[in-house]
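Only one structure is covered here, and it is reproduced in the block below.
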Amino acid sequence: MMRKTIGSQSVAGGERFATTQWSLVVAAADRRGAEADAALAALCERYWYPVYAFVRRRGHSAADAQDLTQEFFATLVEKEYLRSTDRQRGRFRTFLLTAVCRFLSKQADRARAKKRGGGRRPLSLDFADAEGRYLLEPSELCTPEMLYERRWALTLLDRAIERLGADYAGKGKRDLFERLKPHLIAGTAEAEHGELASELNMTVGALKVALHRLRRRFGEMLKQEIADTVAGPEEIEDEIGRLLAAVGMPGA
């Protein structure tokens, strides 16, 4: 795969680590400005559900989990946890889990009956379907940490698929993407190639090429998503392995 070099660092797909979201927050440290604050808020709004699921699995009610999740992210954006955490290493996934554990520990002896956000400006977290999603979570994920890791991985995979769909739509290939999407991760048995190719009015050879390109582009999109949550390009491949393991998928 060709790699586009930008400055002193490079990443598959041309992602620039100097301006990806988590690395921007890490680099800015205590001197964070509006750009880094916005990057942190965007990350929080993107990955709030794994935290909500973690809090629920810790035994909190749905209402309390919503309040605690909102309060946690409001506190996080206000820098309290960033000031007291080693930001020079670690991934956003692990940083966030450590931070929410500390937050819940501090909240244990405080009254729960206060206004959501504790007077802070709340983030725009959409809790509308959060509890419905949580009730569908597999019960065999017995620990909050296991559920958190699984939900984090699925969030990244979903975002990569969304970006892939937008990419194909931009090229006028939305219909092709929708037909091939069910085979993106699960794969396609050799016996199915002929039937699928016929449905798409393609040769079997053209179908295989289309599937290969789709999966390759998906891998690029996934790496770009992960790039926003790690501190450097050297961490991407390891993070992919950990995320795939969290959802029971074999590594590439």
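Computed from a prediction, not measured in an experiment: that's the story for all the values here. Below, all heavy atoms of this structure are taken into account, side chains as well, without hydrogens, waters or symmetry copies.
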- Message: I want to check something: taking the side chain as every heavy atom from C-beta on, are D67 and H60 in contact at a cut-off of under 4.5 Å?
- Response: no
- Hey, are D238 and R242 close enough for a salt bridge, meaning a charged N less than 4.0 Å from a carboxylate O? yes
- Shortest non-hydrogen contact from Y168 to L214? OH-CA, 3.4 Å
- Closest approach of G194 to V204 (non-hydrogen atoms, all atoms of both residues): CA-CG2, 3.9 Å
- Query: Closest approach of V247 and R150, non-hydrogen atoms and distance?
  - Reply: CG1-O, 3.9 Å
- Task: Quick one: closest heavy-atom pair of L97 and Y148, and the distance?
- Result: N-OH, 3.6 Å
- Query: Would E220 and K223 pass as an ion pair if we require N to O under 4.0 Å?
  - Reply: no
- Message: Is the ring pair F92/W22 parallel, tilted or perpendicular, if the boundaries are 30 and 60 degrees?
- Response: tilted
- Item | Crowding at CZ, R213 (>12 non-hydrogen neighbours, <6.0 Å) | no
- Query: Do T229 and R93 touch side chain to side chain, with heavy atoms closer than 4.5 Å?
  - Reply: no
- Kindly say whether R151 contributes a backbone atom to a donor-acceptor pair with the side chain of T155 at under 3.5 angstrom? yes
- Message: When you compare the side chain of L222 with that of L243, does any pair of heavy atoms fall below 4.5 Å?
- Response: no
- Heavy-atom nearest pair, E149 first then A246, reads O-CB, 3.7 Å
- Query: Is the number of heavy atoms from other residues, nucleotides or ligands under 6.0 Å of E178 CD greater than 12?
  - Reply: yes
- Task: Could you tell me which non-hydrogen atom of C101 sits nearest to which non-hydrogen atom of F54, and how far apart they are?
- Result: SG-CZ, 3.6 Å
- Item | Close side-chain approach of F177 to I161, heavy-atom, < 4.5 Å | yes
- Are D228 and R46 side-chain neighbours, meaning at least one heavy-atom pair lies under 4.5 Å? yes
- Side chains of V55 and R58 in contact at under 4.5 Å (non-hydrogen atoms): no
- Message: Could you check whether any side-chain heavy atom of E225 comes within less than 4.5 Å of a side-chain heavy atom of E162, counting everything from C-beta outward?
- Response: no
- Task: For residues M221 and R159, determine if any side-chain heavy atom of one lies less than 4.5 Å from a side-chain heavy atom of the other.
- Result: no
- Query: So does D167 pair up with K171, basic N to acidic O under 4.0 Å?
  - Reply: yes
- Message: Please verify the inter-ring angle class for W48 with Y52; under 30° counts as parallel, over 60° as perpendicular, anything in between as tilted.
- Response: perpendicular
